[in-house]
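Below is one structure, written out as structure tokens; the observations come after it.
Just so it is clear, the model here is predicted, and its values are computed rather than measured. Counting starts at 1 for both ligands and their atoms, in listed order. Numbering of residues begins at 1 and proceeds along the displayed sequence.
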Amino acid sequence: MLTNINETYNDPKKLANDYVHEVYELIKKRNPGETEFLQATREIFDSLRPVFVKNPHYIEDGILERITEPDRIITFRVAWEDDQGKVHVNRGYRVQFNSELGPYKGGIRFHPSVNLSIMKFLAFEQIFKNSLTGQPIGAGKGGSDFDPKDKSEREIMRFIQSFMTEMQKYLGPDLDVPAGDIGVGRREVGYMAGQYNRIRGGFQPGVFTGKDPNYGGSLGRREATGYGTVYFTQEMLKTNGMSFEGKKVIVSGSGNVSTYAMEKAIELGATVIACSDSSGYIYDENGINVETIKRIKEIENDRIKVYRKYHSSAKFIEGCQGIWTIPCDIVIPCATQNELDEDDATLLIRNGVKAIAEGANMPCTQEAIDLFLENDILFAPAKAANAGGVAVSAMEMSQNSMRLSWTFEEVDEKLQLVMKDIYDNCLQAAEEYGYPGNLIVGANIAGFLKVANSMVSHGIR
Ligand code: NAP
């Protein structure tokens, strides 16, 4: 790819910089308008320069050019009928990005904002995250611009049956194993697995993770992403002489990741003072009651606003962005990409925040991250901090293959070990490549090396 590779070979730094720059320009040209995908690649590229200085053979093998181009992208029409018999058409996606380490693995998202750029950024991030878990899993992501929010349960089921009728062609236990993400929980995974079994015949336990434990789901999977984020944060705090004990914590969102991040942070002695959904946030200085959140979100399927019905001491404020104006010690953004920007970061820093841990994927903008780092705020990046969910998904795949199930305690113990390993590996990579304590650089490098080495082993393809 590099035009002047021979000239610059004597200057490894220049060679690495030129290479990263040229490949990024190429990607920009090849993926116009894919803002989120370009944002995600940019962040990784910035971290990888020192890797190419030390390992110029990756340049000769064109690793960056190849790792940024998905193995394949599948898009398809999803036509379905609502309860009134009206026909609707949505678009389905599966981005099978990288299978160097194992079958494609990554969630399915149902949200009106879903587009190709968002699918590609999520699948690209998944490469490094899945590598960090140490488990044999490749990377993918999928979903649809279908909005489950205003739909009946039967409409959701019919939509999923149509979605899976096409997508099943590309899935399999050794090929591609999806799970949940925004708008897709146990119920939706159940409908997907049901339709897959109906079309392919028999009972196929290893094609989805995040299933109900009644039919092959792993205990502890529902809790894994939120708990894992808190376990990772706990390690980061410990290294810096802190803990969750007595800290005021803000967790955005009130879905799967947020709920279990709140639960674990509270168990470790923190007070969670605010959480949100896309309509607004609730704030209670005395602490949010997670059991009430579970009741509202998992059973009643209602809005966060109704929390006040159960706890009159809490305030509900319309608009979710105001949550970052509340002074606190630790912030765990668990809702969606780019939910915390430069202005939010400025306010949080002014109000004395000590640590940020990304539970959602890419919730902080690059400008916000730069501010946190400049101000020495501890920062746990998503691809490391929220890897607990996919790590337990890989454990679910193992249990399905072995036809057995581990107890909740066994899974939770393994999860804690995985999160500690990820933290240690990030710290070590950051140190080794000259950025001590920088977990962003550490996560990107540690995740990259394993995949890059497998790409070298597998040859140019
Ligand atoms: P979820 O269960 O659907 O929950 C998402 C929550 O975020 C909902 O409460 C939603 O509220 C809220 N939300 C959406 N946009 C918001 C905004 N702008 N401000 C405040 N709240 C907002 O999804 P999830 O599975 O928890 O996923 C959340 C994030 O974690 C995503 O970035 C996902 O990719 C990432 N993640 C998930 C997993 C996993 O295992 N599930 C693993 C790794 C990473 P409404 O209901 O009002 O939309």
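- When only interatomic distances are considered, the shortest N/O to N/O separation between N361 and ligand 1 falls below 3.5 Å.
- The salt bridge (charged side-chain N to carboxylate O under 4.0 Å, His left out) test with D83 singles out one residue from K151, R158, R154, and that residue is R158.
- Among all non-hydrogen protein atoms, the one lying nearest atom 9 (O) of ligand 1 is S254 N, 3.0 Å.
- In this structure, CD1 on I332 lies 9.5 Å from OG on S258, to the nearest 0.5 angstrom.
- Shown in contact with R303 at under 4.0 Å from a heavy atom are these atoms of ligand 1, numbered in order with element: 45 (P), 46 (O), 47 (O).
- Near S276, with a cut-off below 4.0 Å to any heavy atom, the atoms of ligand 1 are 20 (C), 21 (N).
- Considering backbone and side-chain atoms alike, N386 places every N or O at 3.5 Å or more from each N or O of ligand 1.
- Closest approach of R303 to S278, counting heavy atoms only: NH2-OG, 3.3 Å.
- In this structure, R42 satisfies the cation-pi test against Y24, with its NZ or CZ atom closer than 6.0 Å to the six-membered ring centre and inside 45 degrees of the ring normal.
- Heavy-atom contacts of G183 reach the following atoms of ligand 1: 3 (O) (cutoff under 4.0 Å).
- Closest protein heavy atom to atom 15 (N) of ligand 1: T336 CG2, 3.8 Å.
- Heavy-atom contacts of K149 reach the following atoms of ligand 1: 45 (P), 46 (O), 47 (O), 48 (O) (cutoff under 4.0 Å).
- For ligand 1, the polar-atom distance check finds an N/O of V257 within less than 3.5 Å of one of the ligand's N/O atoms.
- When every heavy atom of K105 is checked against every heavy atom of Q126, the shortest pair comes out as O-CG, 3.3 Å.
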Working note: F121 + F37, criterion ring pair (Phe, Tyr, Trp, His ring centres under 6.0 Å); need CA distance, chi angles, decisive distance, verdict. CA-CA 4 Å; F121 116 68; F37 177 58; 9.0 Å; no
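- Checked against a 3.5 angstrom limit, the closest N/O atoms of R109 and ligand 1 fall inside it.
- Scanning the protein heavy atoms around atom 33 (C) of ligand 1, the nearest turns out to be D181 OD1, 3.1 Å.
- Nearest to atom 6 (C) of ligand 1 by heavy-atom distance, out of A387, G255, G388, G280, is G255.
- Nearest heavy-atom pair across I273 and C328 is CD1-CB, 4.3 Å.
- Against a heavy-atom cut-off of under 4.0 Å, C334 is close to the following atoms of ligand 1: 28 (C), 29 (C).
- For a threshold of 3.5 Å applied to N or O pairs, the pair formed by T225 and ligand 1 contains at least one separation below that value.
- Of the options I182, D277, I293, D302, the smallest heavy-atom separation from atom 27 (O) of ligand 1 is shown by I182.
- Checking each of L237, I250, I356 against I330 for a side chain to side chain contact (heavy atoms under 4.5 Å, CB included) leaves exactly one that passes, namely L237.
- Using a cut-off of 4.0 Å between Lys/Arg side-chain N and Asp/Glu carboxylate O, K141 and E125 are scored as not salt-bridged.
- Some N or O of R221 is nearer than 3.5 Å to an N or O of ligand 1, by distance alone.
- Residues I67 and F97 come closest through the heavy atom pair O-CE2, 3.2 Å.
- Among protein heavy atoms, atom 19 (N) of ligand 1 sits closest to C320 SG, 3.2 Å.
- For the residue pair A274 and I326, the shortest heavy atom distance occurs at CB-CD1, 3.7 Å.
- An N or O contact shorter than 3.5 Å links N256 to ligand 1 by distance.
- Here the protein heavy atom with the shortest distance to atom 29 (C) of ligand 1 is A335 O, 3.4 Å.
- Under 4.0 Å from ligand 1, not a single heavy atom of S252 appears.
- Remark: distances from the non-hydrogen atoms of M362 to ligand 1 are all 4.0 Å or more.
- Looking at F110 and I182, their side chains never come closer than 4.5 Å, going by heavy atoms from C-beta outward.
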